[in-house]
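A quick write-up on the structure given underneath.
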Amino acid sequence: MPMCRTAVFNQLTVQGVLTDFLRDLNDIQRGAVTATEGPVMVLAGAGSGKTRVITYRIAHLIRNNGIAPFNILALTFTNKAAGEMRHRIDSLLGGASTSGLWIGTFHSVFARLLRSHIHLIGYDRNFSIFDSDDSRSLIRQSMTELGISHDSLPVNAVQSIISKAKNSFVLPSEFQSRIGDYNQQKAAKIYELYTRKLRENNALDFDDLLIKPLELFRAHEDVLGQLQETFRYILIDEYQDTNRAQYLAAKMLGQRHRNIFVVGDDAQSIYSWRGADISNILNFQDDYQDALTFKLVENYRSTGTILQAANSVIRNNRRQIKKELVSHRSAGEPVTLIEAYNERQEAEKVVEHIRSMRMRNGHDFQNFAVFYRTNAQSRVLEDVMRQNRIPYRIFGSVSFYKRKEIKDAVAYLRFILNERDNESLLRIINFPPRKIGELSIARLKEFADERGVSLYDAILNAAEGGFQQRLVNALRGFSEVIEQLRQLAEYGSVYQVLSELFSLTSIPALLQAENTAESLARYDNLQELLSMARDFSDHNPDSGSLGDFLENISLASDYDEARESDNYVSLMTVHASKGLEFPVVFITGMEERLFPLNTYEHDELEEERRLFYVAMTRAQEKIFLSWARSRYQYGQPQQCLRSMFIGEIDASIVRTEGGALLSERIPASSGSALHGTFQQRMPSVSPAEAAPVRLESRAVAKGLRAGAMVHHALFGPGTVLDVQGSGSAQKVKIRFRSAGDKTLMVQYANLKIVS
């Protein structure tokens, strides 16, 4: 059994005299730094000095324990983190040599090891490292050789499947043995051939940098033994973000000396979609039963109120290591809840609060950050910021109108309006792919010049140019799309034109079929553009032309995002906010099916809750939470329910914009989400796991009300939006997390009430 943390520290403090730099640490930090022998886990809550503990420990090992730098291995997830650590260590040691210290990302350190030993598993030491584009190209070749159509199985989707398998250390032979659907069976064949082709090219992809060391260690125990002797002390940053391959590699390297030191926070594990496995940190003490555990809970960043809010939310997760952050600061201001009619009013209210706080408290724009769950949400925020001349910058992404998929769709609309716009034509002629290559385009340009016509006229008359029939057919298919859209634009709305564009080209459907995090984000952006078109058409039924719509976009995309100044509001997804901090944070879109995002599995819901926890703990002084009662989704206005996460915050620290405590508001017992306030308190676990009690239909009917949580045998968990009628004719409208909105007859629905 692990020793109790207090007893451990009491033992450590009697050893020797602390050097000056160790006096900079608090008691728990110092205990973690000086517990140098054996396995140690540091649970570092947000803002508790995680990086300080790692760097001070390395400095302590070198200066006070006389450990040679080359016997220390420190693994990070970013080059920036590695660089910052090395700089801090150099400062602490005051010029003492740290030559030979192994510090870097998992990928960079393992690439360095492979340069020395990879010849033992059949590669030359001068191997190439393929980037994502190289990898996609080789996958594409493999699919062609296997006769697998890129249309039936997108290359990006295959790349994602292979990457996930490698991160879980599932090699081709094991992957093929697993039962899967037809696409997975095809992916297994591609994975096997792709792996052979990588070896033929003496190349590794990015994921191979993690799994090839494992193959090396298993095949050559002597090499593993040498490395185990070299790396007597292993330190791992952000341990909650490690995947299966990283976990195995660290465990094997640390097996001899067992001086493995991991720092992380299970409450900030938010990257399962890219392979991170929270079990690695949750099960650390199962792997190392004699491990010492130190909990860094003193937060130096946020006010007491912010931490109270964060603690009250995260404690609803079942899979966690219990801890409660405490503030080094005063209580501070309460959380403010912003309620808006729709997403535009939500953005306008955010801007109003920014202006008010600048006038009242003297904040600069750089003191404010606005978070959102999905990239697509930035569009309305950007529009309102521009209209109000608020300088802003998108962090970790690009402005909505500069995203590739948006520029592609807009290029179609521009060309529909102006067939002489060759720039737009060249952008869309082969998007989606029509097998119209650069050589064919060059010949089309020559044909146009010979006839003295526009490039599009050359496309329309390609049958007269002596081109191959395959190219003529592809060009005819393209021109038919353009002509259909052009006719529709003469009498239809912008929304109708864009909807038809998406239908004829299947661009959104192709992105959905890829089913990767990137493609789904791009799909959401296109749906947001469709929502924008619907909003524009609804508000300009008589005068809203396609030209006016494109003019608005042009003005928006040319907006100067304050790049000449460092004083701007930061806009970003919650994922992009990890590791950052701001005095004032707005967390927008706090609605069911948005945050949490379309989640009904218990583990997914818990990760969404951890993501919300990360968002709140970025704030130093003040948090605003905002939600909209209706929001355009997929081009249609949708009713919204307030996020269950708001109901999990201690209501005594949440105030409305008018200053009333949230706990003082009386929820309505009936009515839709758009009329009055509905029941806000939601369960802290997924409805599917809440063990609902089966009731007879009459009892169910009595318990049905707007805001009630129910469960359906086919559609799963959902929230009641509205109840209509009575008796045998009673109907209920329910928003299901997985199936969307459904209207059901109560007597036949066989519903279970969760709460």
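Excluded from the calculations below are hydrogen atoms, water molecules and symmetry mates; all remaining heavy atoms, backbone and side chain alike, are included.
Here the rule is side-chain hydrogen bond (donor to acceptor under 3.5 Å, both in side chains) with Asp408, and of Arg522, Arg403, Arg427 only Arg427 fits it. Between Arg631 and the choices Glu591, Gln639, Gln638, the side-chain hydrogen bond (donor to acceptor under 3.5 Å, both in side chains) rule is met once, by Glu591. With Lys166 as the partner, the side-chain hydrogen bond (donor to acceptor under 3.5 Å, both in side chains) test is satisfied by one option alone out of Asp208, Thr195, Asp207: Asp208.
Leu529 and Ala409 get closest at one heavy-atom pair: CD2-CB, 3.8 Å. Taking each heavy atom of Tyr412 and Pro432 in turn, the nearest pair found is OH-CD, 3.8 Å.
Note: Trp273 and His575 have perpendicular aromatic rings, judged against thresholds of 30 and 60 degrees for the angle between ring planes. Note: Phe371 and Phe582 have perpendicular aromatic rings, judged against thresholds of 30 and 60 degrees for the angle between ring planes.
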*Can you list the steps and then say if Ser378 with Tyr372 is a side-chain contact (heavy atoms from CB on, under 4.5 Å)?*
CA-CA 7 Å; Ser378 78; Tyr372 34 84; 3.5 Å; yes

*Walk me through it: do Tyr123 and His119 pass the test side-chain contact (heavy atoms from CB on, under 4.5 Å)?*
CA-CA 5 Å; Tyr123 289 79; His119 63 285; over 6 Å; no

*Please assess Ser499 against Arg534 for the test side-chain contact (heavy atoms from CB on, under 4.5 Å), listing each intermediate value before the final yes or no.*
CA-CA 9 Å; Ser499 296; Arg534 176 61 182 266; over 6 Å; no

*Decide yes or no on side-chain contact (heavy atoms from CB on, under 4.5 Å) for Tyr392 and Arg386, but give the supporting numbers first.*
CA-CA 8 Å; Tyr392 71 90; Arg386 279 191 301 270; 2.9 Å; yes

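Within 6.0 Å of atom CZ in Phe206, 12 or fewer heavy atoms from other residues, nucleotides or ligands are found, so the atom counts as exposed in its surroundings.
Expressed to the nearest 0.5 Å, how far CG of Asn243 lies from NZ of Lys164 amounts to 13.0 Å.
Between the side chains of Gln469 and Asn473, at least one donor N or O sits under 3.5 Å from an acceptor N or O. Residues Tyr401 and Asp383 bring a donor and an acceptor atom of their side chains to less than 3.5 Å of each other. With hydrogens and angles left out, the side-chain atoms of Tyr191 and Ser142 include no donor and acceptor closer than 3.5 Å. Checked by atom type, the side-chain pair Tyr632/Glu343 shows no donor-acceptor distance below 3.5 Å. In the model, Ser399 has a side-chain atom that pairs as donor or acceptor with a side-chain atom of Glu382 under 3.5 Å.
Glu608 and Arg373 are joined by a salt bridge, as a carboxylate oxygen and a charged side-chain nitrogen come within less than 4.0 angstrom of each other.
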